[in-house]
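As structure tokens, the structure follows; a few thoughts come after it.
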Amino acid sequence: MDNARTRTHRPGAGRRLTALAVTAVLTATGGTLAAMPAAAASTGTTRTVTATTPAGTADAPAQEAAVRFPLDAEIVSAGTTGFLSRTNSATPEYRWTRWTDGTSTVLPAAASVNGSVSDVVVTGDDEDIRLSRVLRIHDMAAPSAAPVEADFGGLGTDWWFAGAVGSTLVVMVEVPEGGWAPHLVTVGADGTLTDRAVTGMPPGVCELNATAHTAHTAVFDCGLGLDEVRGKVVVDLATASAVSRHVQAGKPWRMFEAAVSDTHVAWPEEDGTTRTIHVARHGTDERRQLPAGAVRGDDFRMLGEWVTLGQPRTLEWSAGAYDGEGYPIPPRPFTAVSAETGETVPLLTHVSSSAPAPDGSLLVRGGLPETGDGLYRVTLGADGKPVAAMVAPTGRPTAVTLLGGDVPDVVTGEQLAGGVDLSWDLSRGDVYMWATLVHLRTGQRVTWPLVDDGGTPDRRTVGMRWDVRELTRPGATRPAPGGEYTWEIRVRPDDGIGPELRATGAFTVTRPAVPRDHDDNSTPEVLLRDHEGVLRRVGTQPVTAGDNLFHEGAWTVGGGWQVYDRMESAGDVAGTPVGDVIARDRSGVLWLYEGTGIDTKPFRGRTKVGGGWGIYDRLAGGSDLTGDGRADVVATDMSGGLWLYSGTGDVGAPFAARKRIGGGWGIYNRITAVGNLAGAAAGDLVARDASGVLWLHLGKGDGTFAARTRIGAGWNTYGDLVGVGDANGDGRPDLLALKHGEHTGSGSYFYAGTGDRLAPFRAAKANDVLRGDSGYESGF
């Protein structure tokens with residue numbers, strides 16, 4: 001409903017109108033307005049209410065079943081010739097649909113009737129109809145007739161429009177002694193206005209309850225303020241008099257809800273811990289109490305002595321009710337509870353809105369598995385118990401079906417940095433939607449709620465944007481690993497009607513190979529071994545593209561690595577898409593640790609490469625030196641000879657026979673493979689001599705190198721130089737320098753590559769990759 005259920009002030013303050021006028025446009029066209037049905041004043045006796053066939057229908061069941069209820073809409077009000085619906089959208093559409101043939105009329109967007117139980121629909125000249133000076137009264141029983149226009153300025157004081165009940169307009173008028181008094185303005189068949197002040201109202205502030213009406217009665221919420229005692233006042237519309245008052249205990253600011261029939265009124269109360277529904281007959285003080293459940297406006301109605309309760313789906317989300325798998329539980333069913341016996345009768349699987357009808361029945365937007373989704377009429381059956389029958393189906397199939405989608409087979413390129421959109425087309429949009437992504441190699445998974453991206457009511461596009469970040473935690477910054485993924489969507493109708501839809505598929509994330517990447521997420525890592533032989537893997541990421549690095553996290557690989565005297569992150573020498581490690585033990589045997597790409601267990605058990613490697617004092621690997629796309633290793637012997645071990649991609653024999661490619665390399669105490677640093681044919685090497693000067697050896701592309709170029713001095717302050725590849729995302733290889741030790745201090749410094757062989761690095765930038773830890777003896 002459009003009207004707020006609570007108000008502590010009059011929205012039209014300051015408005016002064018002086019003329020009372022009705023433009024009887026209706027009489028000029030020959031149409032008439034149905035007068036309000038005569039009704040006797042309530043006296044506490046039971047008024048007999050029977051379900052009647054809507055006026056103008058010769059065969060109600062057959063003809064009503066042919067009427068369609070608009071998709072994605074709610075019931076607003078109902079009369080004898082049709083009903084008013086309102087779409088769920090930012091700019092709602094109000095539509096009157098006739099019972100006889102299903103034809104409909106779209107009304108102005110300001111249409112609002114607050115539960116009117118007649119063929120009258122009221123629109124205004126203001127976006128908020130409560131502030132309208134001129135109201136237009138539409139007689140939908142005569143759709144070709146022009147509306148009557150009513151100007152309420154003649155009330156002579158401040159006022160605001162509170163709502164319509166049948167053909168009666170409720171206006172709140174300021175009174176001299178303070179507060180607001182309700183007036184009933186009736187538009188007669190001849191276009192005249194009759195203004196009646198409601199008698200018997202208590203002093204203080206009263207307002208019309210937005211949902212508690214019948215064709216003959218209306219409920220007002222009254223009190224002296226939000227902190228004062230409040231109550232419900234039942235007003236007989238025929239006599240414009242209060243016929244029943246009921247003091248309401250508890251916390252009044254939370255309990256403006258009310259329900260009414262022509263015989264009973266109900267309202268919630270709370271004693272601080274327990275919430276109950278109190279039910280009383282009109283004109284009596286006798287009360288009965290029922291369990292409250294969830295009391296929320298449109299689902300809280302009365303049918304004779306029966307109180308109806310449900311829980312609209314929009315409230316289920318905020319309630320946070322989920323099953324053991326993390327999926328929302330369907331809304332609570334729509335039921336009726338007898339105030340006399342306490343018996344509960346199930347009516348519908350779900351409800352989203354309801355409205356009283358002129359014959360005393362209720363029209364409910366909801367559904368049942370056996371009859372589907374649509375508008376139901378709830379009446380009292382032959383046994384006196386409520387029953388529900390479909391009167392206007394939506395025509396939407398109960399089952400949700402997958403009509404198509406857009407999920408790429410491969411995620412790569414710009415999608416790795418910018419994210420990828422995954423979407424699916426469904427046959428309906430009023431569903432709970434969840435997608436689960438699983439990385440097959442690691443088992444990492446994440447589940448997201450899908451977002452309705454729009455479409456038509458019978459074809460909705462739902463989707464998610466995955467930023468290709470890791471799956472293990474929300475808000476992650478680490479890139480997700482490459483490899484095969486599966487997706488599964490689970491879709492449940494949010495009204496609980498129909499089976500769950502499950503659909504699955506797969507895609508692949510393809511990432512470029514990066515030196516020293518051991519978990520296949522295209523970011524390099526540094527391996528550090530402490531003095532006790534525990535190996536740790538430290539991840540890096542760029543702060544921004546082309547800039548410095550930051551410490552992404554550190555993970556323990558395992559212990560026992562002190563048995564090796566030389567270790568090197570060798571790149572992909574085993575034929576997998578991730579980096580491997582070679583390690584030489586003190587007897588000269590070289591071992592290969594093949595990378596798995598799994599961050600929690602990055603290496604398989606070791607494989608023996610061969611013996612005789614004790615003749616070398618330096619090892620360098622991690623980049624392609626020969627231009628064949630496979631990582632290679634170089635080694636220097638005690639005489640200064642440089643040897644090339646070309647990678648084969650075969651885990652059983654990862655290196656080809658060695659080849660001597662130079663001499664005189666004994667002058668260096670550190671050699672590092674840095675990739676294609678200066679734009680030449682293949683990978684390059686940097687080497688540091690004993691005086692701390694750093695030299696660049698450009699690769700020729702055949703495993704040999706050009707004459708060295710001096711690129712800087714003072715590099716002896718660092719314990720390790722690590723070629724980390726393109727670590728900052730600008731397309732050029734970079735260098736990470738680590739210093740750690742008791743006398744030199746500790747820290748890490750990033751040298752971004754420039755692509756210029758004469759000045760291949762930018763100025764150093766300190767970062768937290770090493771995080772000041774001096775307890776490591778090597779980094780590789």
Side-chain angles (χ1 to χ4, degrees), residues 417 477 512 514-517 522-528 538-554 569 620 622-623 667-680 682-699 705-741 743-774 776 778-780:
T477 58
V514 173
R516 293 168 174 80
D517 173 21
S522 292
T523 60
E525 295 130 45
V526 179
L527 297 176
L528 299 174
V538 178
T540 67
Q541 276 195 56
V543 176
T544 58
D547 199 358
N548 201 358
L549 302 185
F550 70 89
H551 184 286
E552 180 191 43
S569 183
S623 63
I667 63 174
Y668 300 124
N669 59 22
R670 185 70 186 174
I671 299 175
T672 302
V674 290
N676 190 359
L677 184 66
D684 309 321
L685 299 178
V686 294
R688 183 184 63 191
D689 64 23
S691 64
V693 174
L694 195 66
W695 301 86
L696 171 63
H697 290 263
L698 292 176
F705 301 93
R708 69 180 186 173
T709 300
R710 188 177 190 272
I711 57 175
W715 288 79
N716 51 357
T717 185
Y718 300 120
D720 293 294
L721 302 177
V722 181
V724 291
D726 178 20
N728 65 1
D730 64 358
R732 293 183 290 268
D734 308 308
L735 185 70
L736 187 65
L738 309 176
K739 61 178 181 179
H740 38 74
H743 302 293
T744 61
S746 61
S748 53
Y749 297 83
F750 181 65
Y751 289 85
T754 66
D756 180 356
R757 69 182 183 86
L758 299 179
F761 301 116
R762 297 183 205 162
K765 288 190 174 183
N767 57 48
D768 66 347
V769 171
L770 196 60
R771 292 212 166 166
D773 197 330
S774 61
Y776 297 96
S778 60
F780 47 91

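Residues: numbered from 1 along the sequence shown. Keep in mind that this is a model prediction, so the values were computed, not measured. Only this structure's heavy atoms are used, side chains among them; waters, hydrogens and symmetry mates stay out.
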Arg688 to Trp715 six-membered ring, cation-pi geometry met (6.0 Å, 45°): no
Gap between atom CD of Glu552 and atom OG1 of Thr523 - 0.5 Å precision: 4.5 Å
Sequence-distant partners of Asp756, salt bridge (charged side-chain N to carboxylate O under 4.0 Å, His left out), two or more places apart: none
CD1-CG distance between Ile711 and Leu694, expressed to the nearest 0.5 angstrom: 4.0 Å
Contacts of Ala673 that satisfy side-chain contact (heavy atoms from CB on, under 4.5 Å) - sequence neighbours left out: Ser623, Leu685
Heavy-atom closest contact (Gly729 atom, Ala545 atom, distance): O-CB, 4.4 Å
For the student: nearest non-hydrogen atoms of Leu738 and Ser748, plus distance: CD2-CB, 3.6 Å
Closest approach of Val769 to His551 (non-hydrogen atoms, all atoms of both residues): O-CD2, 3.0 Å
Gly723 backbone acceptor or donor facing Arg516 side chain under 3.5 Å: yes
Side chain to side chain contact (heavy atoms under 4.5 Å, CB included) evaluation trace for Phe550 with Asp768: CA-CA 6 Å; Phe550 70 89; Asp768 66 347; 4.0 Å; yes
Heavy-atom donor-acceptor pair, Asp684 side chain to Gly699 backbone, under 3.5 Å: yes
Lys765 and Leu549: CA distance, side-chain angles, deciding distance, side chain to side chain contact (heavy atoms under 4.5 Å, CB included) verdict: CA-CA 9 Å; Lys765 288 190 174 183; Leu549 302 185; over 6 Å; no
Euclidean distance, Phe705 CZ relative to Leu698 CG, rounded to 0.5 Å: 9.5 Å
Parallel, tilted or perpendicular, as decided by the 30° and 60° cut-offs, for the rings of His697 and Tyr668: perpendicular
Over all atoms of both residues, closest heavy-atom pair of Tyr749 and Ala764: CB-CB, 4.4 Å
Sidechain-backbone polar pair: Asn548 side chain, Ala766 backbone, donor-acceptor under 3.5 Å: yes
Over all atoms of both residues, closest heavy-atom pair of Leu758 and Pro760: C-CD, 3.6 Å
Exam field: side chain Asp734 to backbone Asn728, donor-acceptor pair closer than 3.5 Å: yes
Over 12 foreign heavy atoms within 6.0 Å of CZ, Arg708: yes
Check: Leu721 main-chain N/O paired with Thr672 side-chain donor or acceptor under 3.5 Å: yes
Interatomic distance, Asn716 atom CG to Asn669 atom CG [nearest 0.5 angstrom]: 8.5 Å
For Arg762, all residues meeting salt bridge (charged side-chain N to carboxylate O under 4.0 Å, His left out), sequence neighbours excluded: Asp730
For the student: nearest non-hydrogen atoms of Phe750 and Ala727, plus distance: CE1-CB, 4.1 Å
Distance in Å, Tyr751 OH paired with Leu677 CG, rounded so as to fall on 0.5 Å steps: 13.5 Å
Ala759 backbone acceptor or donor facing Thr754 side chain under 3.5 Å: yes
